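The structure appears below as structure tokens.
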Amino acid sequence: MDSSTTEILHDFSPLIRVFKDGRVERMSGTESVPASFDPATGVQSKDVKINDSVSARLYLPKSVKPDEKLPLLVYFHGGGFVIATAFSPLYHTHLNNLVAEANIIVVSVDYRRAPEHPLPIAYEDSWTALQWIASHSSRTGQEPWLSEHVDFQSVFFAGDSAGGNIAHNMAIRVGIEKPDGFNVKGIALVHSYFWGQETLSNEPVEPKSRDFLDRIWFFVKPDTNGLDDPLINPASDPRLSSLGCKRVIIFVAEQDVLKHRGLYYKELLDKSGWGGKVEVVETKDENHVFHLFNPTTDKAVSLVRSVASFINQENSM
């Protein structure tokens, strides 16, 4: 046997490994479930193709009236930019629960992943999805759930881990480019993957975890200028004050290695001149994206309710 077929070139266990012959082995996040009617929540879902590279799963809550307009949440899944999809069972369950709790429409974006499609492709795919969504604001778009039922003046972005990173970067781009067709009122960032070259003063990260987070950024974005790339470190982004919304909610978990980056993000926004309102919700005794793995626990249900409250509070103002 050729040794190149078994020799590991990049090892990011338990997420992904790449072999010397170029073979990519995703070690988790490979499962998928079909779109469906969910009897537990009454939520319907369906999959749409945006273009040859980008697709999405749409969610519609129970008993929507023919002329009813609801807030829209654009969701970006996590997985370190390398695993999981919009069709993963963890996200399907989470978004069914969130749609039922908040009575909103969701577009869950399925962007292309590294290493086959290194960054910034995931960002560009996500922007393509936003442009496609905005094309429905004239009420003549190809997808009736969006054309008929979305309040385009009440749009929110959310994501977990790498998806939180994407949600932030999409909000920055909205603030800079000010696209027509929708108004982003807020973003919900859950255990976001932000990082940086220097350790924060209150950031107790053991060397193995720091090395993993350092290496995977260079893996997913080979042309990066380093760990202070503005895409991964908002402190390095001179455009931070242009964040294209007026409200942000940041979720952190007490045991998560990324907790302090979430807290630091709040500090950065407060000091940037952005001028919006930012709040932090910390979950005690929990780790990274705990709510996806154990969605029925009290703490996971509380997180979903907090996101729903964040959206509906803004919608009622």
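On a predicted model such as this, the values are computed, not experimentally measured, just so you know.
No more than 12 heavy atoms of other residues, nucleotides or ligands sit less than 6.0 Å from atom CG of D180. Counting heavy atoms of neighbouring residues, nucleotides and ligands inside a 6.0 Å radius, atom CG of D298 does not exceed 12 of them. Summarising the local packing, NZ of K299 is surrounded by more than 12 heavy atoms from other residues, nucleotides or ligands at distances under 6.0 Å. Shown here is E198, whose CD atom has no more than 12 heavy atoms of other residues, nucleotides or ligands within 6.0 Å.
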Take I187 and L189, measure what side chain to side chain contact (heavy atoms under 4.5 Å, CB included) needs, and give me the verdict at the end. CA-CA 6 Å; I187 60 174; L189 307 182; 4.0 Å; yes
Let me see the working for Y265 and H168 under ring pair (Phe, Tyr, Trp, His ring centres under 6.0 Å), right down to the final yes or no. CA-CA 10 Å; Y265 182 80; H168 156 77; 5.2 Å; yes
Between R305 and S309, does the side chain to side chain contact (heavy atoms under 4.5 Å, CB included) criterion hold? Intermediate values first, please. CA-CA 6 Å; R305 287 176 177 167; S309 177; over 6 Å; no
Step-by-step side chain to side chain donor-acceptor pair (under 3.5 Å) determination, T224 to D229: CA-CA 7 Å; T224 185; D229 187 322; 2.8 Å; yes
If you apply the rule side chain to side chain contact (heavy atoms under 4.5 Å, CB included), what do you find for D160 with H191, and how did you get there? CA-CA 6 Å; D160 64 282; H191 312 163; 5.7 Å; no
Under the side chain to side chain donor-acceptor pair (under 3.5 Å) rule, what do D214 and W195 come out as? Steps first, then yes or no, please. CA-CA 8 Å; D214 287 356; W195 204 234; 2.7 Å; yes
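There is no side-chain donor-acceptor pair under 3.5 Å between E286 and T283.
Residues D151 and L72 have side chains not in contact (no heavy-atom distance under 4.5 Å, counting atoms from C-beta outward). Within the 4.5 Å cutoff, side-chain heavy atoms of H94 are placed close to those of Y75. The side-chain heavy atoms of V190 and L303, taken from C-beta on, include a pair separated by under 4.5 Å. In this structure, N165 and I232 have side chains that are in contact, with non-hydrogen atoms separated by less than 4.5 Å. You'll find the side chain of L227 reaches within 4.5 Å of the side chain of W217, heavy atoms only. Contact annotation: the side chain of Q142 never approaches that of S147 to less than 4.5 Å [non-hydrogen atoms, C-beta and beyond]. Inter-residue side-chain proximity for T297 and V301 is flagged as unmet; no heavy-atom pair is nearer than 4.5 Å. Side-chain atoms of N96 and Y59, non-hydrogen and from C-beta on, do get closer than 4.5 Å to each other.
For K271 (side chain) and L268 (main-chain N/O), no donor-acceptor pair under 3.5 Å exists by modelled atom type. The main-chain N or O of L146 is never found under 3.5 Å from a side-chain atom of H136 such that the two would form a donor-acceptor pair. Without hydrogens or angle criteria, E254 side chain to D285 main chain gives a donor-acceptor distance under 3.5 Å. Listed for the S36 side chain is no donor-acceptor partner under 3.5 Å among the backbone atoms of D38. Under a 3.5 Å cut-off, the side chain of D110 and the backbone N or O of R57 do not form any donor-acceptor pair. The main-chain N or O of G196 is never found under 3.5 Å from a side-chain atom of N233 such that the two would form a donor-acceptor pair. Without hydrogens or angle criteria, E206 side chain to K208 main chain gives a donor-acceptor distance under 3.5 Å. When atom types are taken as modelled, the side chain of H149 and the backbone of E68 share a donor-acceptor pair closer than 3.5 angstrom.
Using the six-membered ring where Trp is involved, Y91 and H77 have ring planes that are tilted, between 30° and 60° apart. Between F219 and F12, the ring planes lie tilted relative to each other; the angle falls in the 30° to 60° range.
Residue V33 is not grouped with residue L292 when hydrophobic side chains (ILVMFWY) are merged at heavy-atom distances under 4.5 angstrom, including chains of intermediate members. F87 and V48 fall into different hydrophobic clusters, where Ile, Leu, Val, Met, Phe, Trp and Tyr are joined by side-chain heavy atoms under 4.5 Å apart, directly or via other members.
In this structure, R139 does not pair ionically with E148, as no charged nitrogen and carboxylate oxygen lie closer than 4.0 Å. Note on K46 versus E143: salt bridge recorded, some NZ/NE/NH1/NH2 to OD/OE distance being below 4.0 Å. The existence of a salt bridge linking E279 and R247 is confirmed by a sub-4.0 Å separation between a basic side-chain nitrogen and an acidic carboxylate oxygen. Here E116 pairs with R26 in a salt bridge; the nearest charged N to carboxylate O distance falls below 4.0 Å. Using a 4.0 Å cut-off between charged nitrogen and carboxylate oxygen, K259 and E282 count as a salt-bridge pair. R23 and E7 are not joined by a salt bridge, as no carboxylate oxygen comes within less than 4.0 angstrom of a charged side-chain nitrogen. Ion pairing between K65 and D67 fails under the 4.0 Å rule for side-chain N and carboxylate O.
Atom CD1 of I249 is separated from atom NZ of K277 by 9.5 Å, given to the nearest 0.5 angstrom. Atom-to-atom distance recorded for I172:CD1 and L243:CG is 4.5 Å, nearest 0.5 angstrom. Between L95 atom CG and L90 atom CG the span is 11.0 Å, to the nearest 0.5 Å. Taking CG from D11 and CZ from F19, the interatomic distance works out to 8.5 Å, rounded to the nearest 0.5 Å. Distance CZ/R261 to CG/L213: 9.5 Å, rounded to 0.5 Å. A distance of 10.0 Å separates CD in Q197 from OG in S236, rounded to the nearest 0.5 Å.
In this structure, R215 forms no cation-pi arrangement with F218, as its terminal cationic atom is not both closer than 6.0 Å to the ring centre and no more than 45° off the ring axis.
Scanning all heavy atoms of the two residues, the minimum distance from S241 to S272 falls at CB-O, 3.2 Å.
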